[in-house]
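Each remark here refers to the structure printed beneath this line.
Numbers here simply count residues along the sequence, with the first being 1.
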Amino acid sequence: MVTKLTRITELAKQRPRAKLQTLIHAIDEESLKAAHRVLSAEKAVGVDAVTKEEYGKKLKENIDDLLGRMKRQAYKPQPVKRVYIPKTDGKKRPLGIPAYEDKLVQKALNEILTVIYELEFLDCSYGFRPGRSCHDALKEVTRILESKKVNYVVDVDIKGFFDNVDHEWMMKFLQDRIQDPNLLRLIQRFLKAGVIEANVEYETDTGTPQGGVISPTLANVYLHYVLDLWFTVKIKRDCRGEAYLIRYADDFLCFFQYQADAEAFYGKLIDRLGKFNLEIAEEKTKIIEFGRFAADSRAKRNEGKPNTFDFLGFTHYCGKSKTGRFRVKRKTSRKKFKVKLKVFADWLYRAMHNEIGDLIKQINAKLIGHYRYYGVTDNSNGIHTFGYRIRHKLLEVLNRRSQKKSLTWEGFAKLEERFPLAKARVYVNIYG
């Protein structure tokens with residue numbers, strides 16, 4: 001698989017404007033077995049009700065049969081099982097669960113798409129790409145706002161992006177780089193596989209495969225053409241001042257030197273997205289004055305402090321360093337804080353009868369995961385507050401477990417000596 005992917009990468013590099021052919025051969029026994037090894041055994045099963053363990057009992061026979069159907073073009077992805085996960089606001093979020101065999105094929109297919117499009121994607125794109133993370137995107141946002149001539153931020157939200165990707169446009173975009181009809185047919189079959197909900201099958205005329213491994217990559221391809229190239233080639237050229245874009249999946253920010261450029265872009269963006277059957281959520285999209293000179297400019301106009309914006313779970317606000325220089329500072333967004341706290345608390349109530357040592361071990365794993373993401377420069381207070389609230393919630397849960405409030409704070413402190421909770425600390429230096 002590595003050799004075949006390496007060859008595809010070399011071809012993509014050697015022929016940057018050519019359409020690549022004969023790619024489907026990289027989905028073979030070796031690549032499917034590799035996909036089987038790395039897929040999680042803990043995931044819920046799809047409509048086939050097949051687990052990783054069951055599939056693996058006759059792995060070679062199953063893969064041989066799968067490859068045979070693919071060669072005969074008889075392989076068709078099964079509909080995705082749709083379930084709903086409760087949200088903190090009382091609503092429910094749809095979750096797609098593909099069949100296990102389809103997960104294998106998508107995993108191998110995604111490897112091919114990744115090696116091709118990593119050479120195509122622009123530096124402004126950060127989401128679901130190898131070697132790039134949310135923290136890298138945050139660092140670049142900081143660099144732009146603190147060192148470039150930027151005074152306005154356009155904070156954009158695309159309404160239901162993953163559900164509204166147009167299949168016809170998606171295939172056109174893919175055909176710009178790929179000319180293997182078998183690979184294109186496979187992708188189209190995944191797009192059209194449909195969903196099953198409460199034993200009723202629904203067609204999928206728009207959107208990317210729910211819960212699929214290839215969904216983030218296909219989303220990046222779509223927005224590469226719809227947004228990234230358009231902004232880089234057209235918008236930046238038309239602006240009177242400096243302009244920058246940072247995108248993480250469908251979540252993106254645009255930065256402008258001049259208000260007129262920001263406002264012109266906003267209008268053009270609505271038309272641009274509309275061409276590809278997308279639209280902005282106007283109630284969540286805004287232009288704000290933000291940057292090195294925003295506080296002074298607004299003070300002269302008696303308009304108060306600069307507004308804030310949220311990106312990747314953090315609220316960004318204008319601040320100053322110890323030496324008085326402008327700094328972009330960030331804290332856990334209020335919405336994300338409440339959601340994370342409620343999800344954690346709900347889990348605690350479900351797990352409260354676990355043996356205390358195991359319970360604390362599980363709590364610490366979750367706390368460390370939270371601290372590793374939200375523990376960034378200037379957000380020390382946010383993560384310490386989260387840890388403090390979880391500590392109080394744990395005491396409440398332990399008292400409920402005993403059905404009487406017998407555990408005091410003194411007793412809890414002694415318990416912590418035996419089973420210490422993970423301490424909040426900053427893991428990510430935005431300037432490092």
Side-chain angles (χ1 to χ4, degrees), residues 84-95 126-128 132-142 145 153-163 216 219 246-254 280-281 283-286 288 290 305-319 327-351 362-394 421-430:
Y84 288 87
I85 306 298
K87 295 172 67 175
T88 55
D89 57 6
K91 298 179 181 179
K92 292 185 177 181
R93 178 173 64 88
L95 177 68
Y126 286 84
F128 305 103
R132 292 190 158 216
S133 69
C134 294
H135 295 137
D136 293 326
L138 292 172
K139 289 178 181 180
E140 186 61 12
V141 167
T142 301
L145 287 167
V153 175
V154 183
D155 180 10
V156 184
D157 186 276
I158 300 178
K159 188 183 295 184
F161 170 73
F162 284 92
D163 294 329
I246 296 293
R247 180 175 65 80
Y248 192 96
D250 63 325
D251 196 1
F252 66 96
L253 300 169
C254 297
I280 64 170
E283 71 281 3
K284 297 179 181 178
T285 302
K286 56 188 178 181
I288 65 170
F290 195 103
K305 293 181 179 180
N307 291 326
T308 64
F309 64 88
D310 287 354
F311 184 59
L312 301 180
F314 293 90
T315 296
H316 295 66
Y317 60 98
C318 292
R327 277 266 301 276
V328 180
K329 295 192 175 184
R330 53 186 55 80
K331 59 185 177 182
T332 310
S333 77
R334 185 176 300 177
K335 179 181 177 181
K336 285 293 183 183
F337 187 93
K338 289 174 66 177
V339 168
K340 297 292 184 183
L341 193 61
K342 187 177 188 309
V343 169
F344 206 129
D346 290 345
W347 172 83
L348 261 179
Y349 282 115
R350 295 195 303 272
Q362 292 171 309
I363 290 171
N364 282 340
K366 291 179 177 295
L367 281 175
I368 291 172
H370 184 89
Y371 299 152
R372 284 189 179 278
Y373 184 81
Y374 288 99
V376 304
T377 305
D378 298 318
N379 195 34
S380 179
N381 184 60
I383 57 174
H384 277 90
T385 301
F386 187 84
Y388 173 81
R389 295 285 292 275
I390 293 300
R391 188 169 178 262
H392 276 252
K393 187 61 65 175
L394 176 58
L421 291 174
K423 301 295 184 184
R425 73 178 181 87
V426 171
Y427 280 85
V428 180
N429 179 3
I430 291 295

Ring pair (Phe, Tyr, Trp, His ring centres under 6.0 Å) involving Tyr349 - partner list, sequence neighbours excluded: none
If the condition is ring pair (Phe, Tyr, Trp, His ring centres under 6.0 Å), which residues does Phe311 pass it with, not counting sequence neighbours? none
Across all chains, not counting sequence neighbours, the salt bridge (charged side-chain N to carboxylate O under 4.0 Å, His left out) partners of Arg330 are none
Can you list the residues that meet the ring pair (Phe, Tyr, Trp, His ring centres under 6.0 Å) rule with Phe252, with sequence neighbours excluded? none
Checking Lys393 now: which residues fulfil salt bridge (charged side-chain N to carboxylate O under 4.0 Å, His left out) with it, not counting sequence neighbours? Glu396
Does Lys329, at its NZ atom, have more than 12 non-hydrogen atoms belonging to other residues, nucleotides or ligands within less than 6.0 Å? yes
Sorted by chain and residue number, the side-chain contact (heavy atoms from CB on, under 4.5 Å) partners of Asp157 (sequence neighbours excluded) come out as Ala281, Lys284, Thr285
Name all pairs fulfilling the salt bridge (Lys or Arg N to Asp or Glu O under 4.0 Å) condition that reach into residues 367-381, sequence neighbours left out, sorted by first residue then second. Arg327-Asp378
Please list all pairs meeting salt bridge (Lys or Arg N to Asp or Glu O under 4.0 Å) that have one or both residues in residues 306-318, counting only residues at least two apart or in different chains. none
What pairs with Phe314 under ring pair (Phe, Tyr, Trp, His ring centres under 6.0 Å), at least two apart in sequence or on another chain? Tyr373, Tyr374
My understanding is that only residues two or more places apart in sequence, or in another chain, count here; which of them pass salt bridge (charged side-chain N to carboxylate O under 4.0 Å, His left out) with Lys159? Glu279
I'd like a table of donor-acceptor pairs (distance under 3.5 Å, sequence neighbours excluded) in which one partner is a side-chain atom from residues 382-391, with atom names and distances.
{"from": "His384", "atom 1": "ND1", "to": "Ser380", "atom 2": "O", "distance (Å)": "2.9"}
{"from": "His384", "atom 1": "ND1", "to": "Ser380", "atom 2": "OG", "distance (Å)": "3.2"}
{"from": "His384", "atom 1": "NE2", "to": "Ala424", "atom 2": "O", "distance (Å)": "3.4"}
{"from": "Thr385", "atom 1": "OG1", "to": "Asn381", "atom 2": "O", "distance (Å)": "2.8"}
{"from": "Tyr388", "atom 1": "OH", "to": "His392", "atom 2": "NE2", "distance (Å)": "3.0"}
{"from": "Arg391", "atom 1": "NE", "to": "Glu416", "atom 2": "OE1", "distance (Å)": "2.9"}
{"from": "Arg391", "atom 1": "NE", "to": "Glu416", "atom 2": "OE2", "distance (Å)": "3.1"}
{"from": "Arg391", "atom 1": "NH2", "to": "Glu416", "atom 2": "OE1", "distance (Å)": "2.7"}

Going by an N to O cut-off under 4.0 Å, is there a salt bridge joining Arg247 and Asp251? no
List the residues meeting side-chain contact (heavy atoms from CB on, under 4.5 Å) with Phe161, not counting sequence neighbours, and say none if there are none. Ile158, Val165, Ala219, Tyr222, Leu223, Asp250, Leu278
